[in-house]
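The next block holds one structure in the form of structure tokens; read it before the comments.
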2 protein chains.
Amino acid sequence: MVQIPKQTAPPSPVQRPVPTSADVARLAGVSRATVSYVLNNTSTVRISEPTRRRVHEAAKELGYVPHAAARSLRAGHSRMVLMPAPTIPVGPLYNQFFNDLQWALGRLDYTVVQYGSVGLRGDEAARAWAELRPVAVLVPGSGLGPQGVAVLKRSGARAVVTLGPERVEGAHALLMDHDRVGHCAGTHLVARGRRRIGVVMPGETGLEVFSKPRLDGVRRALHGTDATVTELPLAYEEEGAARLAARWRSLDLDAVFAYSDEYAMLLMRALQDEGIGIPDETAVIGADDLMLGRLLRPRLSTVHIELPSGRDLAELVDRAVREPGAVPETQAVLGARVVHRASS
Amino acid sequence: MVQIPKQTAPPSPVQRPVPTSADVARLAGVSRATVSYVLNNTSTVRISEPTRRRVHEAAKELGYVPHAAARSLRAGHSRMVLMPAPTIPVGPLYNQFFNDLQWALGRLDYTVVQYGSVGLRGDEAARAWAELRPVAVLVPGSGLGPQGVAVLKRSGARAVVTLGPERVEGAHALLMDHDRVGHCAGTHLVARGRRRIGVVMPGETGLEVFSKPRLDGVRRALHGTDATVTELPLAYEEEGAARLAARWRSLDLDAVFAYSDEYAMLLMRALQDEGIGIPDETAVIGADDLMLGRLLRPRLSTVHIELPSGRDLAELVDRAVREPGAVPETQAVLGARVVHRASS
DNA sequence: TTGAAAGCGGTACCAT
DNA sequence: ATGGTACCGCTTTCAA
């Protein structure tokens, strides 16, 4: 072999063309049809064993990999389930759910693809997704309107499922109404005799999708009682929490629903540093039932959120794909229950 | 194979066929070529304004959305950057990094797709990715071998970038060696006069990718000193932590590197419940520099990890795509530095 | 300014 | 048991 100093190395070492089934056919001395039959194990056609071997060998030698786009173009459909990748910080709860879902859909022979749609919103995004011709689209959060659903369906999506606060015309809906989370928390605090209830509203953008309904839920729980709600804007940083804690007594609250366990931890620490007794002076309850709540002292009361199982959702998707004409199902799937610990 | 007559009346509302550019052409009374010119704003060709309008109107009326697969099939390439979706629980650090990256690649007009490859491993997975003919593939973690890289390149990927502990032949490498994290922690603890150092090894499967190098890093830091390392297997649950804490004094350790801030919190709580003084009796240091560390008392020392900026990685990808022949770059990109707080 | 037609990589009919 | 070939939807010469 000739030694070539790396400096003079050609900028483009022969960029071999990507092998196609035609190349495999040529090398194996058969037709493209035969290659297709062999590599797909087509059962409607018999190929002799020697031929099969030659094809397989040729394919392996060339490093042949079929072209998914060409295949699905010809087939007129794909098994791709598309989900927009979340753009907001998303907790371990969702990650777990998503992994389950992915696994379950994989079992049903679907391919899950998370599509990064940064900067696109609403129907623009729907168009971008539609270009990929997914067989199903799962859309967390709100932001997809009936028009978006229509675009997707017209472009061949056999199932559109929203995972969010409200149903959208034409799409299946897994209602995940965070109102219920707030309602749980509110009901609990009232039942514990609390009357002046603060509700943390996180400052991070994008979280309003969750925080607003949770707040509304608290309000709903308090309806008909003499309890009051105070909104407490709070960024996820120590200083803000400290400032809030410093004026805490002037707020005259006897309880707070801290949006999530993480915000609860932030606030609890600030309150404790300020010498405010938990739960005596102020009860605190979080949400999400994360491990960290159990590690706080006092142990953090929380709202445990139950997401649908990945398997269930996968089955819904599969059903919808097989029966695209069916009336869209709508089911409330967000379970919420209080886990009472020491902080409330 | 049995032919299914298309006329079989579906129980569903008429499943209209997906509109194609031919449909648009027909409705607008022009050729498909013209449609393509208009919708793509092809600058090499002039189309009269009235025609443009008719085409746009027809497209809108039909709800036409171009078929990405057909397009890239014809074009011979795509702008898709593929990343396998992480299967292991991944922290806020990675999520942040990924969002940045996605945004930065979006700016460069790439489309980022996270591919759910559950159950596939190694070169099997590489094949599945290759079927999508992405222009670039970013692979976090180990698990992709030189063969996998070859498969991807042969199928047209112009850039393969690994984000992991070691470089892989043929691929660009962003070395994220967690050894350095452990090394930081170890060095710090030794400098603080600690000599009998425990290292938490998390029980969750999949985390060995990180925990092993971190352990090795601690070992490396202690090399040449008289300090000793003790591995401490620990699942992420209270009971395990309590059991570990119960036998803590018998372990005779004066410091512990707790793998991450979250494990540190778990362990710290258990140690404190056991009455073990932190940092006097045992120093504790975590990693990841999460907010929660600042909220613990004593405040948690930690190793701050610096991932490459999404923009940098995006630029690397773009460079690699434009210059596919270039020698693969290898750069260490994982920054680690101790944030000293009160727990050590 | 517009249209006809070739062809991207596969698949599945219909012959042979 | 195989091969020929017509598509799938789109872009892009080349001609008109």
Side-chain angles (χ1 to χ4, degrees), chain A residues 17-55 58-59 62-79 130-133 135 154-156, chain B residues 1-6 17-55 58-59 62-79 130-133 135 154-156:
Chain A
V18 179
T20 72
S21 77
D23 297 319
V24 177
R26 201 156 20 235
L27 182 57
V30 299
S31 73
R32 292 181 347 146
T34 304
V35 171
S36 176
Y37 295 143
V38 170
L39 296 184
N40 295 305
N41 270 314
T42 311
S43 52
T44 57
V45 97
R46 303 232 168 290
I47 303 288
S48 70
E49 207 42 55
T51 304
R52 304 188 88 85
R53 256 210 350 267
R54 294 219 314 285
V55 169
L62 292 177
Y64 170 72
V65 174
H67 193 307
R71 188 195 302 244
S72 69
L73 177 58
R74 167 66 221 220
H77 62 257
S78 73
R79 301 280 293 174
E131 292 192 357
L132 297 187
R133 298 289 191 272
V135 67
R154 292 188 68 84
S155 66
Chain B
M1 186 190 279
V2 183
Q3 276 249 15
I4 301 175
K6 280 189 179 164
V18 179
T20 72
S21 77
D23 297 319
V24 177
R26 201 155 23 231
L27 182 57
V30 299
S31 74
R32 294 166 56 210
T34 304
V35 170
S36 178
Y37 293 144
V38 171
L39 296 184
N40 294 307
N41 270 314
T42 310
S43 52
T44 58
V45 95
R46 306 242 164 285
I47 303 286
S48 69
E49 206 44 54
T51 306
R52 304 187 88 84
R53 255 211 350 268
R54 294 218 316 283
V55 169
L62 292 177
Y64 170 72
V65 174
H67 192 306
R71 182 188 303 222
S72 69
L73 178 57
R74 167 65 219 228
H77 61 257
S78 72
R79 301 279 295 172
E131 292 193 357
L132 298 186
R133 298 290 193 273
V135 68
R154 292 189 69 84
S155 66

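Interatomic distance, CZ of A/R71 versus CD of B/E131, reported as 5.5 Å (0.5 Å rounding). For the atom pair B/H67 NE2 and A/L73 CG, the distance stands at 5.5 Å (nearest 0.5 Å).
A/R79 pairs by the side chain to side chain donor-acceptor pair (under 3.5 Å) definition with nothing, not counting sequence neighbours. Evaluation of the side chain to side chain donor-acceptor pair (under 3.5 Å) rule for A/S21 yields no partner, not counting sequence neighbours. With sequence neighbours left out, the side chain to side chain contact (heavy atoms under 4.5 Å, CB included) criterion links B/L27 to B/A58, B/E61, B/L62. Taking the side chain to side chain donor-acceptor pair (under 3.5 Å) definition, one finds that A/S78 meets it with nothing, sequence neighbours left out. Listed by chain and residue number, A/A68, B/M80, B/L82, B/Y115, B/P134 satisfy the side chain to side chain contact (heavy atoms under 4.5 Å, CB included) test with B/L132 (two or more places apart in sequence, or in another chain).
The side chain of A/T51 places an N or O atom within less than 4.0 Å of a non-bridging phosphate oxygen (OP1 or OP2) of D/dT2. Residue B/S21 places no side-chain N or O under 4.0 Å from the OP1 or OP2 atom of D/dT11. The phosphate of D/dT12 has neither OP1 nor OP2 within less than 4.0 Å of any side-chain N or O from B/T42. Distances shorter than 4.0 Å separate some side-chain N or O of B/R71 from OP1 or OP2 on D/dT11.
Within the structure, every pair that satisfies the side chain to side chain donor-acceptor pair (under 3.5 Å) test and touches residues 38-50 of chain B, not counting sequence neighbours, is listed here: B/S36-B/N40, B/N41-B/R52, B/S48-B/T51. The salt bridge (Lys or Arg N to Asp or Glu O under 4.0 Å) contacts involving residues 26-44 of chain A comprise A/D23-A/R26, where partners must be two or more places apart or lie in separate chains.
Distance, B/R46 CZ to D/dA16 C1': 19 Å, rounded to whole Å. Between B/N40 atom CG and D/dG9 atom C1' there is a gap of 13 Å when expressed in whole angstrom units. Remark: P of C/dG10 and NE2 of A/H77 are 17 Å apart, rounded to the nearest angstrom. If you take CG of A/L132 and C1' of D/dC8, they are 17 Å apart, rounded to a whole angstrom. Protein atom CG of B/N41 is 16 Å distant from nucleotide atom C1' of D/dT12, rounded to whole Å. Rounding to whole angstrom units, CD of residue A/E131 and P of D/dC8 are separated by 20 Å. A/H67 places its NE2 atom 13 Å from the C1' atom of D/dG9, with the value rounded to the nearest Å. Remark: P of C/dG9 and CG of A/L62 are 14 Å apart, rounded to the nearest angstrom.
Over its length, the helix from C/dT1-D/dA16 to C/dT16-D/dA1 turns its helix axis by 50°, as judged from the five terminal pairs at each end, rounded to 10°.
Within the nucleic acid shown, B/R133 comes within 4.0 Å of sugar-phosphate atoms alone, with no base atom in reach, counting heavy atoms only. Counting non-hydrogen atoms under 4.0 angstrom, A/S48 reaches the backbone sugars and phosphates but no base. Note on A/V65: only backbone sugar-phosphate atoms sit closer than 4.0 angstrom, heavy atoms only; bases stay farther off.
The backbone N or O of B/T34 lies less than 3.5 Å from a partner atom in the side chain of B/S31, making a donor-acceptor pair.
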Q) Along nucleotides 3-8 of chain C, 5' to 3', which nucleotides get a B, which get an S, and which get a -, given that the test is a protein heavy-atom distance under 4.0 Å? A) BB-BBB
